[in-house]
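Working notes for the structure below.
All ligand and atom numbering here is 1-based and tracks the order in the structure. Since this is a predicted model, take the numbers as computed values, not measurements. Side-chain atoms are counted along with the backbone in the values below, which use heavy atoms only and exclude waters and symmetry mates.
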Amino acid sequence: MKVLNYGSLNVDYVYALDHIVQGGETILSSKMEPFCGGKGLNQSIALAKAGVPVYHAGLIGEDGDMLLETCRENGVNTDYIRKLPEKGGHTIIQVDRNGQNCIILYGGTNQMQTKEYIDEVLGNFAEGDFLILQNEVNLLDYIIDKAYERGMKIVLNPSPFDDKLKACDLTKVYLFMLNEIEGEQFTGYKEKNEILTHLTEKFPNARFVLTLGSDGAVYFDGKEKVFQDIFKVKAVDTTAAGDTFTGFFMASIIDGMPVAQALKTAAKASSIAVSRPGATPSIPTMEEVKKGLAEA
Ligand code: RIB
């Protein structure tokens, strides 16, 4: 069984600010640092740091060498990443004094996937292999259809949530990893149990991990429901906390852990990511997570 993560790679330009800029306001940032990021890349690095061999597929631009380098340094297989003579994906991230962020996303090469490239990548994978997806690349509907035809198990983090998801046949998804806001956008309900009930009605063949911010996370597959609290820490930068959670949950499940233990591992990993700056540099190793769990 192989694991493919087909997703975005971004350079994140992170600005430290007292508060998030308001409309019409100009404020001075005390610090600006570029970090490697992108939901796809962050999740691949989390999987690799959690000890699961992962192939990443996606398109970088002229400015993307640092992204490729970061994948390699962290043990992500880069055989299927391609570079285009175009502007790559990047973000402008404001981080306030409480570690909360807000993000402007420029798609660049992440929005230039072609059917030929997708076919070429998926041709290397087969029935039972996992495919992990987010919503920061174009042709997501085609990727889902083609991977499903091959019998791959599709894991979707529908983030950022937008109208492009409507073009996708989401009944083909094996596991959704989503937050409560995305849950509300799918179902129209705010309360976690109502969200989960309506998600299982809409997608009866799927299972779900719903993250609830400071209220933790819950897994539901239509029968079994498992809750997990957060590990409280002082937030420095919340960027990539969700991606770390996704990567560690998936890695734990692939490794054969029971759901309850996988949720706990993911919650611990994401609490460590929140306590550090940047996206990929904030992601811990499995060793750090296990040590943290032993001390908790
Ligand atoms: O989930 C965090 C990521 O979202 C950042 O690294 C940024 O690139 C955006 O895609």
Side-chain angles (χ1 to χ4, degrees), residues 5-17 20 32-50 56-61 63-64 66-71 73-74 76 81 87-96 99-113 132-138 140 155-162 164-165 176-182 185 209 211 213 217 235-250 266-267 269-284:
N5 184 5
Y6 192 135
S8 58
L9 305 102
N10 293 328
V11 177
D12 291 342
Y13 295 94
V14 181
Y15 294 80
L17 298 165
I20 304 294
M32 189 288 281
E33 284 180 283
F35 289 108
C36 293
K39 291 186 193 309
L41 174 61
N42 296 340
Q43 292 177 18
S44 281
I45 291 197
L47 278 150
K49 283 185 150 184
H56 190 94
L59 300 172
I60 55 170
D63 48 357
M66 71 188 263
L67 301 169
L68 206 52
E69 201 44 47
T70 294
C71 284
E73 276 167 11
N74 287 284
V76 174
I81 297 177
K87 276 200 169 49
H90 77 258
T91 61
I92 293 173
I93 303 187
Q94 302 177 40
V95 179
D96 74 11
Q100 294 308 309
N101 67 22
C102 97
I103 302 180
I104 297 175
L105 173 64
Y106 174 75
T109 45
N110 292 314
Q111 294 296 324
M112 296 178 190
Q113 319 299 321
I132 298 168
L133 297 170
Q134 317 76 30
N135 189 27
E136 285 188 344
V137 297
N138 63 312
L140 193 68
V155 177
L156 177 65
N157 169 217
S159 181
F161 194 99
D162 65 23
K164 276 194 289 131
L165 290 166
F176 288 87
M177 305 246 356
L178 71 175
N179 64 31
E180 55 198 327
I181 298 166
E182 290 146 5
Q185 285 163 317
V209 174
T211 56
V236 170
D237 180 355
T238 57
T239 312
D243 301 329
T244 303
F245 188 99
T246 297
F248 272 77
F249 179 80
M250 280 314 301
S270 128
S271 76
I272 297 173
V274 162
S275 66
R276 299 169 174 174
T280 57
S282 73
I283 301 170

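Side-chain contact check for Asn157 and Gln43: at least one donor-acceptor pair (N or O, by modelled atom type) lies under 3.5 Å. Defined by atom type and a distance below 3.5 Å, a donor-acceptor pair is missing between the side-chain atoms of Thr211 and Glu180.
Atom numbering of ligand 1 starts at 1 in the shown order; those under 4.0 Å from a heavy atom of Ala279 are 6 (O). For ligand 1 and Thr91, the ligand atoms under 4.0 Å from any heavy atom of the residue are 7 (C), 8 (O). Of all atoms in ligand 1, listed by their number and element, those nearer than 4.0 Å to a heavy atom of Gly37 are 6 (O), 8 (O).
If you check which protein heavy atom lies closest to atom 2 (C) of ligand 1, you get Asp243 OD2, 3.3 Å. Shortest contact from atom 7 (C) of ligand 1 to any protein heavy atom: Asp12 OD1, 3.3 Å. Nearest protein heavy-atom contact of atom 4 (O) of ligand 1 is Lys39 NZ, 3.2 Å. For atom 10 (O) of ligand 1, the closest non-hydrogen atom of the protein is Glu136 OE2, 2.6 Å.
Atom NZ of Lys87 has 12 or fewer neighbouring heavy atoms from other residues, nucleotides or ligands inside a 6.0 Å radius. Enclosure of atom CD1 in Ile20 by more than 12 non-hydrogen atoms of other residues, nucleotides or ligands within 6.0 angstrom is indicated.
At least one heavy atom of Gly38 sits less than 4.0 Å from an atom of ligand 1.
Contacts of Asn42 with ligand 1, taken as heavy-atom pairs under 4.0 Å, involve the side chain alone.
Residues Thr239 and Ser282 form no side-chain contact, since every pair of their non-hydrogen atoms from C-beta on lies 4.5 Å or further apart. Between Lys49 and Asn74 the shortest side-chain heavy-atom distance falls below 4.5 Å.
Without hydrogens or angle criteria, Thr91 side chain to Ile103 main chain gives no donor-acceptor distance under 3.5 Å.
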